[in-house]
Amino acid sequence: MSMIAAFYSNKSILITGATGFLGKVLMEKLFRTSPHLKVIYILVRPKSGQTLQERVFQILNSKLFERVKEVCPNVHEKIRPISADLNQRDFAISKEDMQELLSCTNIVFHCAATVRFDAHLREAVQLNVTATQQLLLMASEMPKLEAFIHISTAFSNCNLSHIDEVIYPCPVEPRKIIDSMEWLDDSIIEEITPKLIGDRPNTYTYTKALGEVVVQQESGNLNVAIVRPSIVGATWQEPFPGWVDNLNGPSGLIIATGKGFLRSIKATPMAVADLIPVDTVVNLTIAVGWYTAVHRPKSTLIYHSTSGNLNPCNWYEMGLQVLATVEKIPFESAFRRPNADFTTNNFTTQYWNTVSHWAPAIIYDFYLRLTGRKPRMLKLMNRLLKTISMLEYFINHSWEWSTNNTEMLLSELSPEDQRVFNFDVRQLNWLEYIENYVLGVKKYLLKEDLAGIPKAKQHLKRLRNIHYLFNTALFLIIWRLLIARSQMARNIWFFIVSFCYKFISYFRASSTLKRRRGCLQHG
Ligand SMILES: CCCCCCCCCCCCCCCCCCCCCC(=O)SCCNC(=O)CCNC(=O)[C@H](O)C(C)(C)COP(=O)(O)OP(=O)(O)OC[C@H]1O[C@@H](n2cnc3c(N)ncnc32)[C@H](O)[C@@H]1OP(=O)(O)O
Ligand SMILES: NC(=O)C1=CN([C@@H]2O[C@H](COP(=O)(O)OP(=O)(O)OC[C@H]3O[C@@H](n4cnc5c(N)ncnc54)[C@H](OP(=O)(O)O)[C@@H]3O)[C@@H](O)[C@H]2O)C=CC1
């Protein structure tokens, strides 16, 4: 029997960000492994015209939850959505709901955040810092609380190259930042943002770092731990391989590569691609919840959920495997044949952007106009390259994360728990994982049927022929223009033609000689 699963039985758990990528997988695993847990409270806001109930219904009826329903048929009764907006004072939770949360919660998993790299500092501080502070305040009023687990990111200190499992101080106190956001207007905040974030690439990593300091400063007597995942990718094993439901991190780029929109990228090929499967992060998080509640470590422990130091894979290997997979299992209606060139300096990046991205987009839009349709490729390319520019920082640096606490925790688990809540990334086979990831992107994000693969392959062949035809035509046109305008080009042309002619004549003459000699010997 798993000790961890038994620990969560009969527990009331509060999850923020349960409708997000990580939150859904966390809920799924908790229900599946501890079907006797009492209740999971989730803080949800109405969104996209959907009520809370509709949002929960959609999650529970998704493919991700199919296995849960077999193990825990009354899962609908055990999930309790609470209307909340983490941007509001007291999260805009009703008095009755707040009372219930305060008196019943045993474990808190705080996953909610804005993960946008371009979020305005005010918005990022509100959700990633102020909301964390408020949640800790709430937690301090929960008499039955056993553990508070905060999800941060391994990149919160990405301004350092070696990162330990400790909280690093921020030059400006989080409380001062929170206060200043209340009275500074947007334009002033925009002006001071670069100074505040310093050598971090965006407001996301900066505010996640502030959030950690808040956890350290405001946790009081609570049992608190922080989990820091690196780049979270599709599921590795559970509940099935390759599940993913948003475009963040690598998923969007896998689509862009597989569909042939993105053919080159500025990246350091040998830099470590520190991906971590979402189910690995979730298993670690659940184990951390158990350990923090049962062993009550004296200080706040930080756990790195990273792969680089135990089982590294670099961007080059990853790119190759993505390409190999989309060749075997192509995406439908590709724009161009998939390719993955890594550029390492600004000049080659600009060159390949022009040749591989802008030029085909302009030509395609021209074709759309000619055929009376609305041009759209240039707009799409603009957005894609904007996204790439935001992610570039992370594919051109390498970091080393120490994982002592994570390894210590692994050694504390019983063999059964190590199996049920496996977060040992050394067992991960990257080639297999990436293949399943690409397949998952095709099935769960693009919603493409595998029956369409032969047609997609045919489409790629057609694209290859168009590519050859286009290149040959382009070569002939350029050559023709050159010959018409330059004596030197004409001379080179005549030299090449006469050289080829002489070579062919020599080859013919020598083979005729050989044949004659052969006839003479036999005759
Ligand atoms: C050619 C060779 C290729 C080789 C092949 C190799 C393949 C594998 C290589 C893998 C390399 C991986 C590198 C990952 C590094 C991640 C590091 C994370 C580190 C930190 C991790 C964390 O701790 S935290 C989680 C990460 N946090 C995000 O990752 C949010 C990012 N994101 C945004 O910050 C906003 O998205 C942003 C961009 C501002 C736009 O903002 P925006 O307002 O302009 O636009 P929207 O967000 O509304 O999206 C507008 C349209 O872009 C579409 N789209 C959105 N994201 C997209 C995306 N990633 N790739 C494509 N397309 C995307 C979307 O689907 C919309 O399309 P549509 O309009 O058709 O619906
Ligand atoms: N994905 C990744 O690569 C990584 C993620 N992380 C961390 O993991 C955690 C989860 O990330 P992930 O699941 O990917 O992110 P998602 O963007 O998928 O999910 C974010 C969650 O936060 C909720 N949320 C946002 N704003 C509010 C609000 N005002 N009120 C209530 N809820 C809100 C969202 O709710 P709604 O559905 O209503 O928008 C959603 O449930 C974050 O803390 C992130 O920093 C760390 C490293 C990498």
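First listed ligand is number 1; within each ligand, the first listed atom is number 1. Residues take their numbers from the sequence shown, with the count starting at 1.
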Any salt bridge (Lys or Arg N to Asp or Glu O under 4.0 Å) involving residues 210-230? Give me the pairs, sequence neighbours left out, ordered by first then second residue. Arg175-Glu218, Glu212-Arg228
Give a yes/no verdict on whether any heavy atom in Ser152 is under 4.0 Å from an atom of ligand 2. yes
Quick look: Tyr204 vs ligand 2, heavy-atom contacts under 4.0 Å, and the answer is side chain
Does a side-chain heavy-atom distance below 4.5 Å link Tyr206 with Thr193? no
What residue pairs, at least two apart or across chains, pass side-chain hydrogen bond (donor to acceptor under 3.5 Å, both in side chains) with a residue in residues 101-112? Thr16-His110, His110-Thr132
If we only count N/O pairs under 3.5 Å, is Pro229 in contact with ligand 2? no
Salt bridge (Lys or Arg N to Asp or Glu O under 4.0 Å) test vs Glu100 passes for just one of Lys144, Arg80, Lys38, namely Arg80
For ligand 2, note which part of Gln126 has a heavy atom under 4.0 Å away: side chain, backbone, both or neither. neither
Run the numbers for me: atoms of ligand 2, each under 4.0 Å from some heavy atom of Cys111, listed by number. 9 (C), 10 (C), 42 (C), 43 (O)
Checking side chain to side chain contact (heavy atoms under 4.5 Å, CB included) between Ile434 and each of Asn436, Val438, Leu431, which is the one that passes? Val438
Where does Asn128 meet ligand 2, judged by heavy-atom distances below 4.0 Å: at the side chain, the backbone, both, or neither? neither
Which of the numbered atoms in ligand 2 are under 4.0 angstrom from any heavy atom belonging to Asn87? 29 (N)
For the residue pair Trp399 and Asn157, confirm or rule out a side-chain donor-acceptor distance under 3.5 Å. no
Atom 19 (O) of ligand 2: which of Ala18, Gly20, Ser48 has the nearest heavy atom? Gly20
Check Val115 against ligand 2 and report side chain, backbone, both or neither, counting heavy atoms closer than 4.0 Å. side chain
In ligand 2, the atoms that come under 4.0 Å of a heavy atom of Asn246 are 18 (O)
Please indicate whether any nitrogen or oxygen in Thr153 is less than 3.5 Å from any nitrogen or oxygen in ligand 2. no
So is Asp85 touching ligand 2 or not, going by heavy atoms under 4.0 Å? yes
For the 3.5 Å polar cut-off, considering only N or O atoms, please tell me whether Asn248 and ligand 2 meet it. no
Heavy-atom contacts under 4.0 Å between Arg228 and ligand 2: side chain, backbone, both, or neither? neither
Do NZ/NE/NH1/NH2 and the carboxylate oxygens of Lys29 and Asp279 come within less than 4.0 Å? no
Can you confirm whether the side chains of Asn202 and Thr205 place a donor and an acceptor under 3.5 Å from each other? yes
Please evaluate residues Glu70 and Arg67 with respect to the criterion salt bridge (Lys or Arg N to Asp or Glu O under 4.0 Å), reporting the C-alpha separation (whole Å), side-chain torsions for both, the decisive distance (0.1 Å), and the verdict. CA-CA 5 Å; Glu70 290 164 18; Arg67 277 180 65 191; 5.7 Å; no
Does the plane of the ring in Trp290 sit parallel, tilted or perpendicular to the ring in His295? Use 30° and 60° as the thresholds. perpendicular
Between Phe7 and Lys11, is there a cation-pi geometry (under 6.0 Å to ring centre, at most 45° from the normal)? yes
Under 3.5 Å side-chain donor-acceptor pair for Asn404 and Ser402: no
Sub-4.0 Å atoms of ligand 2 with respect to non-hydrogen atoms of Lys208: 42 (C), 43 (O), 44 (C), 45 (O)
Ignoring angles and geometry beyond distance, decide whether Val232 reaches within less than 3.5 Å of ligand 2 through its nitrogen or oxygen atoms. yes
Ligand 2 contact on Ser230 by region, counting heavy-atom pairs under 4.0 Å: backbone
For residues Thr343 and Thr349, is any side-chain donor paired with an opposing acceptor at under 3.5 Å? yes
Check: Phe21 N/O within less than 3.5 Å of ligand 2 N/O: yes
Only heavy atoms of Ile151, strictly under 4.0 Å: list the atoms of ligand 2 that pass. 7 (C), 8 (O), 9 (C), 43 (O)
With the threshold set at under 4.0 angstrom, would you say Gly249 reaches ligand 2 through any of its heavy atoms? no
For Ala113, the atoms of ligand 2 under 4.0 Å from one of its heavy atoms are 20 (C), 22 (O), 25 (C), 42 (C), 43 (O), 45 (O)
Checking contacts here: is it the side chain or the backbone of Leu127 that comes within 4.0 Å of ligand 2, counting heavy atoms only? Could be both or neither. side chain
Does ligand 2 come near enough to Ile231 that some N or O of the ligand is less than 3.5 Å from an N or O of the residue? no
